[in-house]
Asks: 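Below is a structure I'd like to ask you about.
Below, chain A is the first sequence line, B the second, and so on; all start at residue 1. No experiment lies behind these values; they were computed from the predicted model shown.
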There are 2 protein chains.
Amino acid sequence: MKNYLPILQKSPLFSDIGETELLSLLDCLGGTLRAYPKGTAVFSEGDRPTHLGIVLDGEIRITRTDYYGNRSIVAAVKAPQVFGETFACAEVESLPVDVTAATDCTVLLIGVDRVLNPCCNSCSFHNRLIYNLMKQTAAKNLLFHRKLEITSKRTTRDKLMTYLLMTAKDQGSNSFTVPYDRQELADYLEVDRSGLSAEISKLRREGVLTAEKNRFTLL
Amino acid sequence: MKNYLPILQKSPLFSDIGETELLSLLDCLGGTLRAYPKGTAVFSEGDRPTHLGIVLDGEIRITRTDYYGNRSIVAAVKAPQVFGETFACAEVESLPVDVTAATDCTVLLIGVDRVLNPCCNSCSFHNRLIYNLMKQTAAKNLLFHRKLEITSKRTTRDKLMTYLLMTAKDQGSNSFTVPYDRQELADYLEVDRSGLSAEISKLRREGVLTAEKNRFTLL
DNA sequence: TCGCTTTTGTTGAAAATTCAACAGACTTTC
DNA sequence: GAAAGTCTGTTGAATTTTCAACAAAAGCGA
């Protein structure tokens with residue numbers, strides 16, 4: 001666990017909590033460290049969500065597959081981000097998504113009970129933790145909001161450009177990488193892969209952008 | 001304010017808080033009561049979000065209008081539901097949506113500062129309030145999730161049926177009303193109104209449902 | 001009730017998406 | 001280094017959506 005302290009300190013869940021406090025807090029929270037090989041399930045649809053996860057290493061995907069087998073990517077989560085807190089906090093009985101390791105990864109699982117119910121010990125920073133969780137959940141909400149802004153667009157081009165402009169702004173540069181390959185980007189934007197490739201080519205020809213693999217540059 | 005106590009008690013923000021506690025809590029939170037005529041703005045895009053709102057009477061809409069003037073309805077909120085808490089808690093500098101009165105309505109506005117920072121007085125229920133806000137935000141997250149499930153569908157028919165099946169399940173009946181007229185429903189599902197009308201007619205002819213005004217019955 | 005406005009349904013044409021199939025480039029594995 | 005597999009881009013046909021225009025129906029106020 002101690003190896004991951006620097007990453008844990010960067011996690012939004014533990015922001016403004018010092019190292020020594022963090023150690024006692026972790027003790028009190030009683031998390032479990034788990035490693036998942038690429039492609040394996042961290043949580044599966046239908047599970048009862050009781051824990052939140054913190055990605056310590058690698059990257060995971062939140063996905064959902066409908067009745068017809070169409071995959072939709074809800075989000076990509078990498079270290080030191082948090083996932084699953086929404087469903088656990090909302091106390092739903094059944095997880096509506098799949099959580100899968102996109103690469104080999106290491107995850108810290110923490111029961112939300114432990115987070116929401118301050119321990120009797122002198123964890124003076126537990127309130128800070130709850131405050132952080134609150135902000136984290138609200139921030140997650142904003143992410144959904146952004147995704148809705150994308151999927152509300154009607155054409156592949158608008159969806160793509162909305163996404164690219166957001167990502168450029170996030171990364172503070174006109175040249176940036178996206179965490180998806182073409183198929184995954186299509187699943188995230190909720191469009192057809194071949195149509196997406198065609199649209200990217202068109203934008204390239206029009207001189208709007210360059211794209212090689214997962215690096216895009218807006219011109 | 002006292003007139004609205006019964007509604008406030010039903011609000012998810014104040015669940016499991018007794019009437020006397022609620023009164024002192026309200027005093028401590030220092031909310032302001034506001035009335036909005038139909039069609040007027042409660043919050044406007046670009047505002048700095050500092051307050052959450054509780055709908056005491058009437059109904060509001062969370063909408064977003066893009067560059068081209070396409071309106072998208074994010075959610076309909078009616079008494080005794082809460083709105084705006086996400087943006088205020090996430091401390092974003094600028095509200096990305098419009099909040100508008102869909103009918104004449106009455107709203108209680110509360111600064112989130114007051115909610116997140118427990119007062120020094122003996123507000124023993126302030127922790128409960130924060131816990132409620134936490135659950136509320138997580139629940140709001142689920143709503144977004146549901147909307148994403150709808151907009152991730154590719155055809156108008158699938159979007160509509162996904163929405164109707166969800167709503168039927170929510171209301172526990174095959175016959176139910178939706179809070180939108182046709183144009184609003186189209187804006188919520190992110191599809192073309194005339195195409196939506198056409199699809200509803202088709203489903204009617206196929207004997208899948210009946211629809212008159214905003215009442216739908218799945219057969 | 002009459003007239004006016006809003007809402008809903010219908011239609012055809014234009015535009016866009018999806019789907020399936022394939023070829024070339026690139027990776028990985030043995 | 002060859003073979004197998006994966007990823008990306010391309011294309012044409014079928015399907016679907018969007019758009020614009022209009023008519024019928026419903027709601028509203030005088």
Side-chain angles (χ1 to χ4, degrees), chain A residues 37-39 61 66-73 102-104 150-164 177-206 208-217, chain B residues 37-39 61 66-73 102-104 150-164 177-206 208-217:
Chain A
K38 176 176 179 176
R61 295 265 184 284
D66 75 9
Y67 183 79
Y68 302 102
N70 299 313
R71 180 181 66 166
S72 162
I73 293 184
T103 65
D104 289 350
I150 292 169
T151 57
S152 74
K153 294 284 192 295
R154 304 297 167 86
T155 66
T156 297
R157 166 175 288 227
D158 282 347
K159 285 175 179 157
L160 174 62
M161 287 307 294
T162 301
Y163 174 72
L164 293 179
T177 60
V178 304
Y180 305 116
D181 64 27
R182 286 288 181 279
Q183 179 64 60
E184 291 177 317
L185 183 55
D187 288 344
Y188 181 80
L189 300 179
E190 319 286 1
V191 299
D192 180 68
R193 181 198 61 79
S194 70
L196 176 62
S197 271
E199 201 61 48
I200 289 172
S201 299
K202 203 168 157 192
L203 288 164
R204 251 194 295 248
R205 280 197 300 277
E206 293 174 13
V208 178
L209 51 73
T210 65
E212 36 192 323
K213 301 188 60 173
N214 67 340
R215 171 164 292 279
F216 288 79
T217 305
Chain B
K38 176 176 178 175
R61 296 265 183 284
D66 74 10
Y67 183 78
Y68 302 104
N70 299 314
R71 180 181 68 166
S72 162
I73 294 185
T103 65
D104 289 350
I150 291 170
T151 57
S152 75
K153 294 285 191 299
R154 304 297 168 84
T155 64
T156 298
R157 166 175 290 227
D158 282 348
K159 286 175 179 157
L160 174 61
M161 287 306 293
T162 300
Y163 173 72
L164 292 180
T177 60
V178 304
Y180 305 117
D181 63 29
R182 287 288 181 281
Q183 179 65 61
E184 291 177 317
L185 183 55
D187 289 343
Y188 181 80
L189 300 179
E190 318 287 1
V191 298
D192 180 67
R193 181 198 61 79
S194 68
L196 175 62
S197 272
E199 201 60 49
I200 289 172
S201 299
K202 204 169 159 191
L203 288 164
R204 249 195 295 247
R205 280 196 300 277
E206 293 174 13
V208 177
L209 52 71
T210 64
E212 37 191 322
K213 302 188 56 176
N214 66 340
R215 169 164 292 277
F216 289 80
T217 306

Asks: Minimum heavy-atom separation for L203(B) to L160(B), with atom names?
Replies: CD1-CD2, 3.6 Å
Asks: Using a cut-off of less than 4.0 Å, is there contact between a side-chain N or O of T155(A) and OP1 or OP2 of dA16(C)?
Replies: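 Checking dA16(C) against T155(A), no side-chain N or O comes under 4.0 Å of OP1 or OP2.
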Asks: Between atom CD in E199(B) and atom C1' in dT16(D), what is the gap in whole Å?
Replies: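 Rounding to the nearest Å, CD of E199(B) and C1' of dT16(D) are 9 Å apart.
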Asks: Please tell me which of the listed nucleotides, dT18(D), dT8(C), dG9(D), lies nearest to the side chain of S197(B)?
Replies: dT8(C)
Asks: My understanding is that only residues two or more places apart in sequence, or in another chain, count here; which of them pass ring-ring contact (aromatic ring centres under 6.0 Å, His included) with Y180(A)?
Replies: Y188(A)
Asks: From C-beta outward on T156(B), which listed nucleotide comes closest to its side chain: dT8(D), dT11(C), dT18(D)?
Replies: dT18(D)
Asks: Sugar-phosphate atoms are those with a prime plus P, OP1 and OP2; base atoms are the rest. Using that split, label each nucleotide of nucleotides 19-30 of chain D B, S or - for protein heavy atoms under 4.0 Å, 5' to 3'.
Replies: BB------S---
Asks: For T151(B), what residues pass the side-chain contact (heavy atoms from CB on, under 4.5 Å) criterion, not counting sequence neighbours?
Replies: L148(A), T151(A), K147(B), L148(B), E190(B)
Asks: Using whole Å, report how far CD1 of I200(A) lies from C1' of dG9(D).
Replies: 10 Å
Asks: Would you say T210(A) and F216(A) make side-chain contact, with heavy atoms under 4.5 Å?
Replies: no
Asks: Hey, does the side chain of S201(A) come within less than 4.0 Å of dT10(D)'s phosphate (OP1/OP2), counting only N and O?
Replies: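 For dT10(D), OP1/OP2 do have a side-chain N/O of S201(A) under 4.0 Å.
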Asks: Kindly give the heavy-atom pair with the smallest separation between A186(A) and L196(A), and that separation in Å.
Replies: N-CD2, 3.6 Å
Asks: Does the salt bridge (charged side-chain N to carboxylate O under 4.0 Å, His left out) test come out yes or no for D104(B) and K38(B), once each step is laid out?
Replies: CA-CA 4 Å; D104(B) 289 350; K38(B) 176 176 178 175; over 6 Å; no
Asks: Between dT7(C) atom P and E212(B) atom CD, what is the distance in whole Å?
Replies: 19 Å
Asks: Measuring from M161(A):CE to I150(A):CD1, what's the distance to the nearest 0.5 Å?
Replies: 12.0 Å
Asks: Q183(A) has an atom CD; how far is it from atom P of dC26(C), in whole Å?
Replies: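 Atom CD in Q183(A) sits about 20 Å away from atom P in dC26(C).
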Asks: R182(B) has an atom CZ; how far is it from atom C1' of dT10(C), in whole Å?
Replies: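 Answer to the nearest Å: 14 Å.
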Asks: What is the distance, to the nearest angstrom, from the CZ atom on R157(B) to the C1' atom on dT18(C)?
Replies: 17 Å
Asks: In whole angstrom, what separates L160(A)'s CG from dA16(C)'s P?
Replies: 15 Å
Asks: Under 4.0 Å from OP1 or OP2 of dG9(D): is there any side-chain N or O of R204(A) that close?
Replies: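 Yes.
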Asks: In whole angstroms, how far is the C1' atom of dA16(C) from the CE atom of M161(A)?
Replies: 18 Å
